[in-house]
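Here the structure comes first, spelled out in structure tokens, and everything after it is commentary.
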Amino acid sequence: MKYYSTNNKSLRASFSEAAIQGQAPDKGLYFPETIPQLPSGFLDSIDTLSKEELAFTVMKPYVGDSISDTDLQTIVSETINFPFPLVPVTPAISTLELFHGPTLAFKDVGARFMSRCLGHFVKNRDKEVTVLVATSGDTGGAVANGFYGVEGVNVVILYPSGKVSRTQEVQLTTLGKNITAIEVDGTFDDCQQMVKNAFMDEELKKSLFLTSANSINVARWLPQQLYYFFAYQQWKDKGNPPVISVPSGNFGNICAGLLAYCSGLPAQHFVAACNANDTVLQFLESGTYTAKASVSTLSNAMDVGNPSNFVRIMELFGNQLPSLKNILTAYSISDDETKTVIKDVQEKYHYLLDPHGAVGFIALQRYLSSHDGAKGYFLETAHPVKFYDVIEPVTGQTIPVPESIAVLLDQPKKSIRMKPDDEALKVLLLEGSLQLHR
Ligand SMILES: *Cc1c(COP(=O)(O)O)cnc(C)c1O
């Protein structure tokens, strides 16, 4: 399998090259040159496959000969070694719980796969790799945790000061070692822009081996398909495939679901569940894509005004808006609606939603209400405890803090504060001063 750049189809890279580079040299995103189709008989026997077998079969064509079968088996098994339960909430709506990994959010899957792939690829190189990543909340923790202690890899994480929850912040600022957290006085988009500019900087490119761990990296993006397959294994009514609602910000997660669909996974429809950041919704309605500044909301991991992965979605559908609209509907959900549904669902169905899952729930409900007989699931992308500051005032109940978080709350914060300034970041990276902050 080769990957081409979404800016230039003749620029090609292998899986390992694409994973190491992150972004294509021409600023495009890497995209598989063909969409592998599921082997025949795969869907009929899907219920008999173990998670590990399934994951290996799905990932193998994307990885090609970049990783041996034995090593890939180990990598996928370590990536998905926690449960992905599909839990009924109402008669028509289930939730795919993606928060049973080490940092309690779905990003653990992509981060674990990517860190293990990179660790594998740098084994025989003499230069250290620096992973540079911007986070709107959950990426940082998942990436930090995934890479913590991986030999030969330094991780630098930029996050917007005051715009991530306390739980998210401790997950990325308490590790130390090969993990450096940078607290930026700005928005997530500022952080993302700083990362993009660093990748384009000639001097940095010459002196450092820089790569990205944002969801644009193929090694993070592609394994996110897996849990859509795990959900289908658990989907009872195979004759009536699910409507799938995905709380979306940078659109990497939903793009992985759509990729699975294009390779043969049954789905009736996809719903992009957005908060006030409605760039994609506006695009689907008007046909004109206009990037916006991001707006802060309660579902802060989805506060993205210019979703990077959207070009991949367009690529999947041959840049044909009508084909995309056949399978994808977007909704924009307000903070008030989000709070109301958290309370209602808790009272009526005794299920505690996090703000992102709540957006997914409402969007799914909205779609189902105009499609008779349809059923579906939404992705519960984070554990509610990560957003206790939003949820507790709404439900009036305390969420017990899991032990894995409790131990972090007492640890000293290790971070470097910075203005959204490309030069300051560059100096830090070039100084080699990362080590000093460990
Ligand atoms: C990152 C994140 C999202 C958005 O996922 P994208 O792939 O960026 O669309 C949704 N919910 C949570 C909890 C997240 O951490």
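Remember, it's 1-based here, ligands and their atoms both numbered in the order they're listed.
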*CG of Leu429 to CG of Leu210: how many Å apart, nearest 0.5 Å?*
6.0 Å
*asked:* I'd like to know if Lys426 pairs up with Asp201 as an ion pair, taking the criterion as any Lys NZ or Arg NE/NH1/NH2 lying under 4.0 Å from an Asp or Glu carboxylate oxygen.
replied: yes
*Check each protein residue for a heavy atom under 4.0 Å from ligand 1 and list those that pass, ordered by chain and number.*
Phe106, Lys107, Asp138, Pro247, Ser248, Gly249, Asn250, Phe251, Gly252, Asn253, Ala301, Met302, His356, Thr381, Ala382
*Quick one: do Lys325 and Glu285 make a salt bridge, cutoff under 4.0 Å?*
no
*asked:* Would Lys177 and Tyr148 count as a cation-pi pair here, with the cationic atom under 6.0 angstrom from the ring centre and within 45° of the axis?
replied: yes
*Identified side chain to side chain donor-acceptor pair (under 3.5 Å) counterpart of Arg112 within the set Asn145, Thr79, Asn81*: Asn81
*Find the distance between CZ (Phe188) and OG1 (Thr139) and round it off to the nearest 0.5 Å.*
6.5 Å
